[in-house]
There are 2 protein chains.
Amino acid sequence: MVNKKCIIRLLRYKNALHRLNSLGFVKVFSDNLADAVGVTASQVRKDFSLFGICGNKRGGYQIEALLGKLNHILGKNEQQKVVIVGGGNIGAALMKYKGFEKEGVKIAACFDIDPAKYNHKEGDIPVLPLEQLRDFVRQNHIKIGVIAVPDIAAQQVLDLMLAAGIKGVLNFAPIRLRAASDCVINNVNLVLELETVIYFIINGLEKSIAEIHEEQKS
Amino acid sequence: MVNKKCIIRLLRYKNALHRLNSLGFVKVFSDNLADAVGVTASQVRKDFSLFGICGNKRGGYQIEALLGKLNHILGKNEQQKVVIVGGGNIGAALMKYKGFEKEGVKIAACFDIDPAKYNHKEGDIPVLPLEQLRDFVRQNHIKIGVIAVPDIAAQQVLDLMLAAGIKGVLNFAPIRLRAASDCVINNVNLVLELETVIYFIINGLEKSIAEIHEEQKS
DNA sequence: TTTTTATAGTGAAAAAAATCACAAAATGGC
DNA sequence: GCCATTTTGTGATTTTTTTCACTATAAAAA
Ligand SMILES: NC(=O)c1ccc[n+]([C@@H]2O[C@H](COP(=O)([O-])OP(=O)(O)OC[C@H]3O[C@@H](n4cnc5c(N)ncnc54)[C@H](O)[C@@H]3O)[C@@H](O)[C@H]2O)c1
Ligand SMILES: NC(=O)c1ccc[n+]([C@@H]2O[C@H](COP(=O)([O-])OP(=O)(O)OC[C@H]3O[C@@H](n4cnc5c(N)ncnc54)[C@H](O)[C@@H]3O)[C@@H](O)[C@H]2O)c1
């Protein structure tokens, strides 16, 4: 009932509300949010209904109250700590990106097997030996990890992460990971994302499709 | 009818077939492919049926013939050229990654406004001034672009791309792009991808969910 | 105060996607 | 060559997701 697409929509509503809030708006209607996020007003109301979120008939939603509820549902009230394993191209890009911290996601540390990648510079995100992953994750009660190692190492890194207590993983390696214990794995395969665009273009489907986030017509 | 999810599955079948082929296998059954990709055998057959792909009753599919058909549908017979705009963290990571070329996707050039990013070194992917985007895209008949510039510049870069003749875009900037002309936009929002994992973990949904590729139950 | 109007909330309907289930066909064994 | 078995291809069914449509209600207007 609550699937990834739905959560992504909630996150988008939250972002749109945040913008509206900082522009000084106090209330919002389902169709304003719908416009901002690119869905229908029904979809917005249905999503809220699913999470027991109520507004005021004819009065819309109070932005602050709504933000509060969404932030609670989405775990945005406390900062979430994550670790990255693999400080190469992707791992380094993620570490340099400020957008995670802005959204309350703290990259607590990165782990690598290559000593050349280690980094203890004050102010930077620490890059530590992989051997320290387990203790670090346990001591900092970290539940989320990012896999940014070469494909052949990804399964082994997942196993280490799960053994250390990590429950959710964002995986950039283009392989199918096998998980023994209960966990959530979200795969991001950038090659497939690009190949999908290529498919739609070489098949001349750009005329019927404007945006393919999940699937949307123009 | 044919949506992004379906194309991603086709691409996965293709990759699985490629592996099987190089292991020396000659034929494959729908349930082998299903296992390899993590879907049901019905789904595999339905997808093929949608594209008019036939196998042999009781004989499965000839891997080579099947690969040929999928490659044709997916445009894998000719190399596809793409350009990147924005040679920063993400752009540079993509340029260094060998996985695109392996899949027949050639990053022909990158464009930036920062002269410090320019690169004409032989063997590297050229990083050129943004002003050259239009001519380069036209001369090389490029139809696909990647947006890896800061959020504020993304819309303006999209407009430039479309004006130059680009039809399909992979966009890493976490904003909603507006496109006048017919084009395909595939948004990759890494922050949302990570936040989705966080949602499922803090709500203790890892017990019921193993993998959140597209859809998940609570 | 009463009326008008706009919008939330939600069950019903529709659309889309996935799965089922089974006839048809091909293979291999005997 | 015939039979038993396996697997495809696809219409039917089910499940999931989205949209519709209408009621209740709160705000504004009269
Ligand atoms: N770079 C990209 O643009 C890109 C695009 C798509 C997919 N990917 C995928 O992302 C992953 C990372 O790619 P990348 O380009 O950053 O690779 P990379 O080679 O630049 O970096 C990998 C890092 O992981 C480290 N590493 C290797 N084995 C390890 C292990 N067992 N434990 C800990 N660290 C280990 C290496 O030392 C290196 O620092 C790969 O699976 C790749 O397929 C990358
Ligand atoms: N780095 C990440 O891990 C990450 C994660 C999620 C999203 N993103 C998004 O990806 C995009 C790029 O991120 P980044 O970290 O690579 O940024 P970055 O600042 O490292 O790189 C941006 C590059 O774009 C160039 N640029 C700026 N304006 C330009 C213009 N008008 N035309 C051409 N080039 C221009 C800059 O010179 C720079 O080289 C951003 O929108 C960001 O929000 C990045």
Side-chain angles (χ1 to χ4, degrees), chain A residues 1-10 12-13 17 20 25-63 65-66 69-70 196 205 208-218, chain B residues 1-10 12-13 17 20 25-63 65-66 69-70 196 205 208-218:
Chain A
M1 190 96 215
V2 187
N3 59 23
K4 178 177 163 178
K5 260 159 91 173
C6 179
I7 299 308
I8 293 224
R9 285 196 304 266
L10 289 194
R12 293 207 157 113
Y13 302 149
L17 287 166
L20 291 171
F25 289 94
V26 171
K27 66 180 190 179
V28 71
F29 301 116
S30 57
D31 71 326
N32 304 142
L33 269 178
D35 278 357
V37 166
V39 298
T40 65
S42 291
Q43 180 82 84
V44 174
R45 296 201 299 274
K46 196 59 137 190
D47 285 337
F48 288 174
S49 160
L50 212 66
F51 285 90
I53 292 174
C54 292
N56 316 90
K57 299 214 166 168
R58 162 105 208 216
Y61 303 84
Q62 293 300 116
I63 290 180
L66 183 51
K69 284 173 195 158
L70 288 177
T196 306
L205 272 50
S208 49
I209 299 160
E211 202 171 323
I212 45 170
H213 197 78
E214 288 304 315
E215 58 267 274
Q216 252 150 7
K217 293 237 304 211
S218 71
Chain B
M1 179 116 132
V2 188
N3 59 24
K4 178 178 164 179
K5 262 159 89 173
C6 179
I7 299 308
I8 293 223
R9 284 196 303 268
L10 289 194
R12 293 209 156 108
Y13 301 148
L17 286 166
L20 291 170
F25 289 94
V26 170
K27 67 178 188 180
V28 70
F29 302 118
S30 56
D31 70 327
N32 305 142
L33 269 177
D35 278 356
V37 166
V39 299
T40 65
S42 292
Q43 179 82 81
V44 173
R45 296 201 300 274
K46 197 51 137 196
D47 286 337
F48 287 174
S49 161
L50 211 68
F51 286 90
I53 292 174
C54 293
N56 317 89
K57 300 216 167 173
R58 159 108 207 213
Y61 303 83
Q62 293 301 115
I63 289 180
L66 184 50
K69 284 174 195 158
L70 288 176
T196 306
L205 272 50
S208 49
I209 301 157
E211 203 170 323
I212 44 173
H213 202 80
E214 285 305 313
E215 70 283 350
Q216 230 49 70
K217 295 229 301 211
S218 77

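Every chain is numbered from 1 and lettered A, B, ... according to where its sequence line falls, protein lines coming before strand lines. Below, all heavy atoms of this structure are taken into account, side chains as well, without hydrogens, waters or symmetry copies.
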Spacing of [X] atom [atom1] relative to [N] atom [atom2], expressed in whole Å:
X: A:L33; N: C:dG9; atom1: CG; atom2: P; result: 12 Å
X: B:F48; N: C:dT19; atom1: CZ; atom2: P; result: 15 Å
X: A:K69; N: C:dA8; atom1: NZ; atom2: P; result: 13 Å
X: B:N3; N: D:dT16; atom1: CG; atom2: C1'; result: 13 Å
X: B:F29; N: D:dG9; atom1: CZ; atom2: P; result: 12 Å
X: A:I53; N: C:dA8; atom1: CD1; atom2: P; result: 13 Å
X: A:D47; N: C:dT10; atom1: CG; atom2: P; result: 13 Å
X: B:K5; N: D:dT16; atom1: NZ; atom2: P; result: 12 Å

For [N] and [X] - does any side-chain N or O of the residue sit under 4.0 Å from the phosphate oxygens OP1/OP2?
X: B:S30; N: D:dT8; answer: yes
X: A:Q43; N: D:dT17; answer: no
X: B:R9; N: C:dA17; answer: no

Practice problem: Please identify each residue that fulfils side chain to side chain donor-acceptor pair (under 3.5 Å) with A:Y13, with sequence neighbours left out. | Solution: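 Result, side chain to side chain donor-acceptor pair (under 3.5 Å) vs A:Y13: A:D47.
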Practice problem: Indicate, with a heavy-atom threshold strictly under 4.0 Å, whether B:Y61 touches base, sugar-phosphate, or nothing. | Solution: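 Since only primed, P, OP1 and OP2 atoms lie under 4.0 Å of B:Y61, the category is sugar-phosphate.
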Exercise. Kindly compute the distance separating SG (B:C6) from CZ (B:R9), expressed to the nearest 0.5 Å.
Key: 5.0 Å
Quiz item: To the nearest 0.5 Å, what is the distance between OG1 (B:T40) and CZ (B:R45)?
Solution: 8.0 Å
Quiz item: Between A:L10 and A:F51, is a side-chain contact (heavy atoms from CB on, under 4.5 Å) present by the stated rule, with each step listed?
Solution: CA-CA 10 Å; A:L10 289 194; A:F51 285 90; 3.5 Å; yes
Exercise. Would you mind telling me which of B:V26, B:V28, B:N56 makes a side chain to side chain contact (heavy atoms under 4.5 Å, CB included) with B:Y61?
Key: B:V28
Quiz item: Can you tell if the side chain of B:F48 reaches within under 4.5 Å of the side chain of B:L33, non-hydrogen atoms only?
Solution: yes
Self-check item: Where protein sits on nucleotides 20-30 of chain C, one letter per nucleotide: B base, S sugar-phosphate only, - none, heavy atoms under 4.0 Å
Solution: BB--BBBB---
Quiz item: Residues two or more places apart in sequence or in another chain: which of them pass side chain to side chain contact (heavy atoms under 4.5 Å, CB included) with A:D31?
Solution: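 Result, side chain to side chain contact (heavy atoms under 4.5 Å, CB included) vs A:D31: A:F29, A:A41.
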